[in-house]
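Down below is the structure, laid out as structure tokens.
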Amino acid sequence: MTDRFDAIIIGCGIGGGALATVLARAGRSVLALERATVYRDRVRGEWIAPWGVAELRTLGLYDDFIAAGAHHLVRHISYGDDATPEQAEAAALQLGVLPGIPGPLTIGHPRSCELLRDLATAAGACVLSGASDITITAGASPSVTYTHGGRQQRATCRIIVGADGRGSLVRQQLGIELHQDPQHHFFSGLLVDGAHGFPDDTQAIGAEGDVHFLVFPQGDGRARLYLGYPSEQPQRLSGPDGPRVFLEAFRLQSMPLSEHIANATPAGPCHSYPNQDGWTETPYAPGAVLIGDAAGYNDPIIGQGLSITYRDVRMVRDALIADDDWSQPEIFAPYTEERRERMRRLRFSAMVQAELLNEFGPEAQARRKRARERQAADPTLLLSLAATIMGPEVMPEMAFEDALRDRLFAP
């Protein structure tokens, strides 16, 4: 069996589902192939920065997310062992920094994938779950062979889109190299229910002892929690006691109401992964283009993955809608140039955040205290981190230069 489509998207998670939806809504024929039959908790990818929420609005997806239960956060507090709780709360930040956007948006990763799959299907895309043995042929006459329902099938198209995550088989089959920074810490996540005593509208981040902690409520007592900890402790949260050990780390002196987090009930797996950046220099080839993590990813310490993906979706959609001649890969050159600079800037922001919050011991605590005092006295020292809220492109170049980091962390 051979079918013909405008676009074949490999992966129907966040990026693939979003692109399938907006292309189908624009009248393009789309086939989306997804390996999974059930979307499972991936322990990350549930916080959308305000600049990513703006991308959702531009894509026409924001109202769908709100209707599906997405939850806005409006306040940020940086707790930690470098300040008293009173000092931290006095410096709380309001997150409604972009017009018409109250703040970041939180929603469960499986729910997002299900929503986007359903939206793509409703828009007219053909979405096939449980597809396997996927092989692509790019170039002048793109095609994909795959197995679905026990039968091998082949489909042709005008463009193949790789939206199949960090280990992208599309990227590998295209021969596009993935560059990676060395791992510098571990990050672990856990979804919990029953954290009703913690304010639903407030996100909290900080460092105490030998952990970097993050709390992102999703409404009605549900929250996604993260812990960063040293690379030298790979077994820290392994085994059946992992969730209990994870939650015990949230019995914090520096964060009031943390006992409501520590006493919450696990609602998903506890999984750790190495944190690092990965990037591609050119995320396209003749007849194919990569989006989301397949094209390269930012260190999750600053939570930019979903916002990066929705920007990718918007730029690739615009390129495909603006020019009906998809045979020329140069239509993706503006996307590539913008993405390269976007990822460079966010890589710098992640390095600053990692040095600030994911190094431990007396020297690191003293460095955090100095940095907090300097940021209070000189707001320009907050610019690289403000980029993670407002968008990296709106910040001046100085926000991503070593001189800023040197001023922030000088002894």
Side-chain angles (χ1 to χ4, degrees), residues 47-55 58 76 78 91 93-99 101 103-104 178-182 184 205 275-284 291-293 295-316 318-319 330 332-359 367-368 370-411:
W47 182 88
I48 310 171
W51 70 274
V53 178
E55 295 292 347
T58 302
H76 170 97
S78 292
L93 301 175
Q94 298 303 310
L95 294 171
V97 294
L98 297 180
I101 296 173
L178 179 70
H179 305 273
Q180 291 178 294
D181 284 331
H184 54 82
I205 297 175
N275 263 22
Q276 59 193 159
D277 280 270
W279 65 95
T280 58
E281 293 295 335
T282 305
Y284 67 87
I291 63 171
D293 284 356
Y297 44 85
N298 185 229
D299 183 339
I301 193 171
I302 52 174
Q304 300 296 290
L306 294 182
S307 301
I308 288 168
T309 297
Y310 291 125
R311 171 73 59 84
D312 291 354
V313 169
R314 193 257 298 169
M315 295 199 73
V316 168
D318 290 353
E330 290 75 18
F332 300 118
Y335 161 61
T336 296
E337 293 171 8
E338 189 278 340
R339 193 182 206 276
R340 185 180 296 133
E341 178 63 10
R342 182 188 354 144
M343 299 302 283
R344 182 192 72 82
R345 291 182 170 213
L346 291 175
R347 190 157 63 248
F348 182 92
S349 296
M351 289 170 58
V352 170
Q353 190 77 331
E355 188 169 358
L356 188 66
L357 293 177
N358 226 93
E359 294 185 8
R367 184 169 62 246
R368 283 194 291 274
R370 289 195 303 269
R372 187 189 290 264
E373 292 169 350
R374 289 169 181 170
Q375 288 170 334
D378 181 0
T380 64
L381 295 176
L382 288 164
L383 289 176
S384 67
L385 299 179
T388 67
I389 299 295
M390 301 179 68
E393 74 283 353
V394 304
M395 296 297 150
E397 176 60 28
M398 64 169 288
F400 311 99
E401 294 177 344
D402 287 341
L404 180 141
R405 178 194 164 279
D406 292 342
R407 286 193 292 129
L408 182 62
F409 294 123

>> Measuring only between side-chain heavy atoms, which start at C-beta, is Arg407 closer than 4.5 Å to Thr380?
In response: yes
> Quick one: are Arg340 and Thr282 in side-chain contact, heavy atoms under 4.5 Å?
Replying inline: yes
> Which value, rounded to the nearest 0.5 Å, describes the distance between Glu281 atom CD and Leu178 atom CG?
Replying inline: 10.5 Å
> For the atom pair CZ (Arg374) and CZ (Phe409), what is the distance rounded to the nearest 0.5 Å?
Replying inline: 9.5 Å
>> Could you report the tightest heavy-atom contact between Met395 and Arg345, atom names first, then the distance?
In response: O-NH1, 2.8 Å
> Considering residues at least two apart in sequence or located in another chain, which fulfil the side-chain contact (heavy atoms from CB on, under 4.5 Å) criterion with Pro411?
Replying inline: none
> Within a strict 4.5 Å, meaning less than it, do heavy atoms of the Tyr310 and Thr58 side chains meet?
Replying inline: no
> Between Arg311 and Glu338, does a side-chain contact (heavy atoms from CB on, under 4.5 Å) hold up when you go through it step by step?
Replying inline: CA-CA 10 Å; Arg311 171 73 59 84; Glu338 189 278 340; 2.8 Å; yes
>> How long is the straight-line distance from CD1 of Ile101 back to CH2 of Trp51, given to the nearest 0.5 Å?
In response: 12.0 Å
>> Once you measure the plane-to-plane angle for Tyr284 and Phe332, does it fall in the parallel (<30°), tilted (30-60°) or perpendicular (>60°) bin?
In response: tilted
>> Which heavy atom of Gly103 sits nearest to which heavy atom of Val53, and what is that distance?
In response: O-CG2, 4.0 Å
> Looking only at heavy atoms, which two atoms of Glu397 and Glu341 are closest? And how far apart?
Replying inline: OE1-OE2, 3.9 Å
> Thr280 side chain to Ala295 main-chain N or O, any donor-acceptor pair under 3.5 Å?
Replying inline: yes
> To the nearest 0.5 Å, what is the distance between CZ (Arg342) and CH2 (Trp279)?
Replying inline: 15.5 Å
>> Quick one: does any side-chain atom of Arg339 pair with a main-chain N or O of Ile308 as donor and acceptor, under 3.5 Å?
In response: no
>> If you count heavy atoms of other groups shown closer than 6.0 angstrom to CE of Met315, is the number above 12?
In response: yes
> Out of curiosity, Leu381 CG to Gln375 CD, how far, rounded to the nearest 0.5 Å?
Replying inline: 6.5 Å
> For the residue pair Ile302 and Trp47, what are the closest heavy atoms and their distance?
Replying inline: O-CZ3, 4.0 Å
>> With a 3.5 Å distance limit and no angle check, can you tell me whether Thr388 reaches the backbone of Ser384 through a side-chain donor-acceptor pair?
In response: no
>> Nearest 0.5 angstrom please: Arg370 CZ to Arg367 CZ, how far?
In response: 7.5 Å
> With side chains defined as the heavy atoms from C-beta onward, is the minimum distance between Tyr297 and Gln180 less than 4.5 Å?
Replying inline: yes
> For Gly292 and Asp312, which heavy atoms make the closest approach, and how far apart are they?
Replying inline: N-OD2, 2.9 Å
> Between Leu346 and Gln304, which heavy-atom pair has the shortest distance, and what is it?
Replying inline: CD2-OE1, 3.9 Å
>> Do Leu408 and Glu355 have side chains that approach each other closer than 4.5 Å (heavy atoms only, starting at C-beta)?
In response: no
> Should Tyr335 and Asp318 be marked as a side-chain contact (heavy atoms from CB on, under 4.5 Å) after you check the CA-CA gap, both sets of side-chain angles, and the distance that decides it?
Replying inline: CA-CA 10 Å; Tyr335 161 61; Asp318 290 353; over 6 Å; no
> Any sub-3.5 Å donor-acceptor pair from Asn275's side-chain atoms to Asp299's backbone N or O?
Replying inline: no
